[in-house]
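Heads up: the structure comes next, in structure tokens.
In each ligand, atom 1 is the first atom listed, and ligand 1 is the first ligand listed. Model, not experiment: these values are computed from the prediction. Computation of the quantities below employed the complete heavy-atom set of this structure, encompassing side-chain atoms and omitting hydrogens, waters and symmetry-equivalent molecules.
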Amino acid sequence: MTRSTPDRNDPAARGTATAEASGDAVAGEAAVGATAVEALTEADARAEHAALAREIRANDEAYYREDAPVISDAAYDALRRRLAEIEARFPELISPDSPTQTVGVAPSETFGEVRHAVPMLSLDNAFTEEDVADFVGRVRRFLRLGADEPLVVTAEPKIDGLSLSLRYENRRLVLAATRGDGTTGENVTANARTIADIPDTLPADAPDIVEVRGECYMAHADFAALNAREAEEGGRVFANPRNAAAGSLRQLDPAVTARRPLRFFAYAWGEMSGVPEATQYDMVARFGRWGLPVNPRMTRCDSAEALIAAYRAIEADRANLGYDIDGVVYKVDRLDLQQRLGFVSRSPRWAIAHKFPAEQATTVLERIEIQVGRTGALTPVAKLKPVTVGGVVVSNATLHNEDEIRRKDVREGDTVIVQRAGDVIPQVVSVVLDKRPEGAEPFVFPTVCPACGSHAVREVNPRTGREDVVRRCTGGLICPAQAVERLRHFVSRHALDIEGLGEKQIVAFFNDGLIASPADIFTLEARDARSLKKLKDREGWGATSARNLFAAIEARRRIALARLIFALGIRHVGETTARLLAQAFGTWEAFAAAVTEAADRTAPAWHELNAIDGIGEVVAEAVTDFFAEAHNRDALRLLIAEIEVERAEPRVAIESPVAGKTVVFTGSLEKMTRDEAKARAESLGAKVAGSVSAKTDLVVAGPGAGSKLKKAAELGIEVIDEDAWLALVEGR
Ligand code: IVH
């Protein structure tokens, strides 16, 4: 069995194991006392404590030093749990050398947040050879490269894991963070330290600040062994290596991560106090020399054709790599060109991911089920005879909406082709008509909500006059399905993220009348204290899990404004929009007051809302409609009384001579394309406008400038040429 060997000198690798220990699965394997801890005499406890401590130390030795564990992870976890329980009852037994005290990093209740010094971006996707040629063409045009000027682009496997940022200060690993939303990730330092692939220190030639970025993943063989072990012990079996890697890295207890075989490939970087190479390829090679694992399949290519050839070669070898990849990433090699190309929203212009085609399989669609979402949308879901698609067992697939079912003529009992691509929900692609059973009837989409019986209608968009593709339940507040979905969203990972309050618990609490609206979550503990039917006595609960849940809820009584706005589940308000709104208003009070006032479309508040960068009319309408509903305002009043909303930091102001200025480019530019000039100006905080007006601060004019130049002169606006512009932005 291959496992990662944690750093032997790292005490964090030997943390207590409480968070993940999986119940009864361990009985029989190790000498865990049979007597309940509560029933132990002090003498018995002392003897058992000593025996347990000895056994744990012996296992640590076998595991960490010899890489040859003699008991299962679950059995090991049970030993530690028992030791901790005994110490909880007999604190006098806690000695400095007890295994519970030799922890470097205490297992955190939840992960702390880390704001990335440089955002962690994602990649744009290419699916066809044409997309790849377009990418190369786009880059060439942007950079104004002549036909005979070379453009080198690297090609490397796109690892299907999760991205991880490693920050080294003065050549020591000080911080490891997941990508999170790209701006803020989770602090997983203690866990990353247990990954053998990740060096604790960098050599002397590394700059003072180095942020290495790469992919954390699990190799096929390690994944299979882990799953076999888990299955044998009645533990959790992971659907694929990616989930296993994510689940292992995001462990609250580093000791558990230490026992999971995680690996790492370095392929990018964030903040650096110096960049010692001039190309992507050489930087990655340098990472390799610093002791970081880098992918050996990276090559340099000089044309779109060469990139496609590299893609084919990697694709042909896919099955032999020993780890999952889902495509090939292309990156412009020269770092000065990367700098000039910059970014569009969340992805760099200088890189693209060429994805492998989706994987497909054939199976029988047994039923079509209609699910009701939090905004009342009726979504048809295909219940399938379980089938493996690209290594994952699939038993549900989306059918999108009523029109799609009709267009594909999908019927219950049909044999269908299902497809899975990357992270997306599996889809039904088409029906195998020859296999349609006799008597299969066309599917009739319900016109009443299956959850509450209210009418379900397709609204007509007043602007386009067209019918919405989505049929929605009109039940609103009386629809239990919508209420449950709203609550589920409220507690989901990117919203309140309450540990231990997942889908299952929300549904159960809702059905039993314990939680009907968000505020109820925060009064749960107080009500429980007064209630005769305690949470700890419910099936599946106990004193510890109830206490943990209450603690997890308490931990969320203070919440960031952006998270709260996102958690409300307002239509069209995703995480990014929620963040924009939070940054624009700063406080909950300011936000709530403004969007309530903005219900009056003639009020200044309405115009201010629409004037926020990134907020359009659709969002503005959805937000004001939400606040215009009295029942929403009531629910919010109750919620706000229970929680404390943190003030949002305004968007970081960019320091540059053109920040906040409105710039117009006119005439032809010779040293850069219009796109590049615009992107550069925007990245420095300027607004680029297409025409000159009184609001214009600066006009950059090249040869051939005409009417705009004249207008600028009339309005007395400063006009400079391209060289002066470059001098200004480059500070020359
Ligand atoms: S480069 C600024 N290279 O793919 C560009 N990403 O879909 C940073 N990924 O978030 C990414 N293998 O987690 C890069 N060789 C590779 C990669 C890779 C996997 C992941 C990464 C990224 C995601 C984007």
Side-chain angles (χ1 to χ4, degrees), residues 116-127 131 135 139 153-166 176-186 188 192 197 211-219 240-243 245-246 249-250 262-272 275 279-281 283-285 287-288 292-301 307 310-311 313-315 317-318 321-335 337-356 358 421-424 679 683:
H116 299 299
V118 175
M120 288 182 80
L121 300 158
S122 62
L123 295 171
D124 221 5
N125 292 326
F127 295 99
D131 292 345
F135 165 70
V139 167
V153 179
T154 60
E156 70 197 69
K158 182 172 189 303
I159 319 297
D160 199 4
L162 67 156
S163 41
L164 184 63
S165 182
L166 307 172
T178 60
R179 185 170 104 165
D181 61 6
T183 311
T184 312
E186 284 171 330
V188 291
D197 272 355
E211 258 180 34
V212 178
R213 291 185 174 165
E215 203 81 352
C216 176
Y217 69 100
M218 200 178 279
N240 54 44
R242 189 182 176 283
N243 286 359
L249 186 67
R250 298 191 63 261
L262 290 174
R263 299 190 184 199
F264 182 76
F265 273 132
Y267 54 62
W269 56 95
E271 190 184 351
M272 300 280 277
V275 179
T279 63
Q280 179 77 28
Y281 192 89
M283 266 304 281
V284 172
F287 283 158
L292 290 150
V294 294
N295 197 292
R297 305 290 313 238
M298 183 179 195
T299 54
R300 279 170 152 152
C301 304
L307 288 173
Y311 171 89
I314 292 174
E315 190 183 31
D317 241 9
R318 189 175 179 187
L321 292 175
Y323 46 84
D324 274 354
I325 63 171
D326 57 349
V328 175
V329 182
Y330 307 138
K331 298 172 187 166
V332 170
D333 197 30
R334 271 172 51 185
L335 303 184
L337 299 185
Q338 288 189 3
Q339 178 92 30
R340 279 176 60 195
L341 284 155
F343 303 89
V344 223
S345 71
R346 311 200 57 75
S347 15
R349 269 197 202 84
W350 45 265
I352 199 160
H354 189 177
K355 301 293 278 283
F356 292 137
D423 266 350
V424 300
S683 75

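Ion pair Arg250/Glu186 flagged as a salt bridge, since at least one NZ, NE, NH1 or NH2 atom sits closer than 4.0 Å to an Asp/Glu carboxylate oxygen. Remark: Asp317 engages Arg297 in a salt bridge, criterion side-chain N to carboxylate O under 4.0 Å. A salt bridge links Asp333 with Arg300: the closest approach of a Lys/Arg side-chain nitrogen to an acidic carboxylate oxygen falls below 4.0 angstrom.
Contacts with ligand 1 closer than 4.0 Å are made by side-chain heavy atoms of Arg179 only, the backbone lying farther away. With a 4.0 Å heavy-atom cut-off, ligand 1 is reached by no atom of Arg213. Only the backbone of Pro157 comes within 4.0 Å of ligand 1, counting heavy atoms alone; no side-chain atom from C-beta on gets that close. Counting heavy atoms closer than 4.0 Å to ligand 1, residue Leu123 contributes atoms from both its backbone and its side chain. At a heavy-atom distance under 4.0 Å, atoms from both the backbone and the side chain of Lys158 approach ligand 1.
With hydrogens left out, the protein atom closest to atom 8 (C) of ligand 1 is Leu121 O, 4.3 Å, a heavy atom. If you check which protein heavy atom lies closest to atom 20 (C) of ligand 1, you get Glu215 OE1, 3.4 Å. Nearest protein heavy-atom contact of atom 12 (N) of ligand 1 is Ile159 N, 3.0 Å. The protein heavy atom nearest to atom 15 (N) of ligand 1 is Glu156 OE2, 2.6 Å.
With Tyr311 contributing its side chain and Lys355 its backbone, the two residues share a donor-acceptor pair below 3.5 Å. A distance-only check finds no donor-acceptor pair linking the side chain of His354 to the backbone of Val329 [under 3.5 Å].
Using a 4.0 Å heavy-atom cutoff, Pro348 is listed among the residues neighbouring ligand 1. Heavy-atom distances between Lys331 and ligand 1 reach below 4.0 Å in at least one pair.
Not one N or O of Ala268 is nearer than 3.5 Å to an N or O of ligand 1, by distance alone.
No side-chain N or O of Tyr217 forms a donor-acceptor pair with one of Asp197 less than 3.5 Å apart. When only modelled atom types and interatomic distance are considered, Arg213 and Ser165 share a side-chain donor-acceptor pair under 3.5 Å. With hydrogens and angles left out, the side-chain atoms of Tyr267 and Glu215 include a donor and acceptor closer than 3.5 Å.
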Working note: Val294 + Phe264, criterion side-chain contact (heavy atoms from CB on, under 4.5 Å); need CA distance, chi angles, decisive distance, verdict. CA-CA 8 Å; Val294 294; Phe264 182 76; over 6 Å; no
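Ranked by closest heavy atom to atom 17 (C) of ligand 1, the top entry among Tyr267, Trp350, Trp269 is Tyr267.
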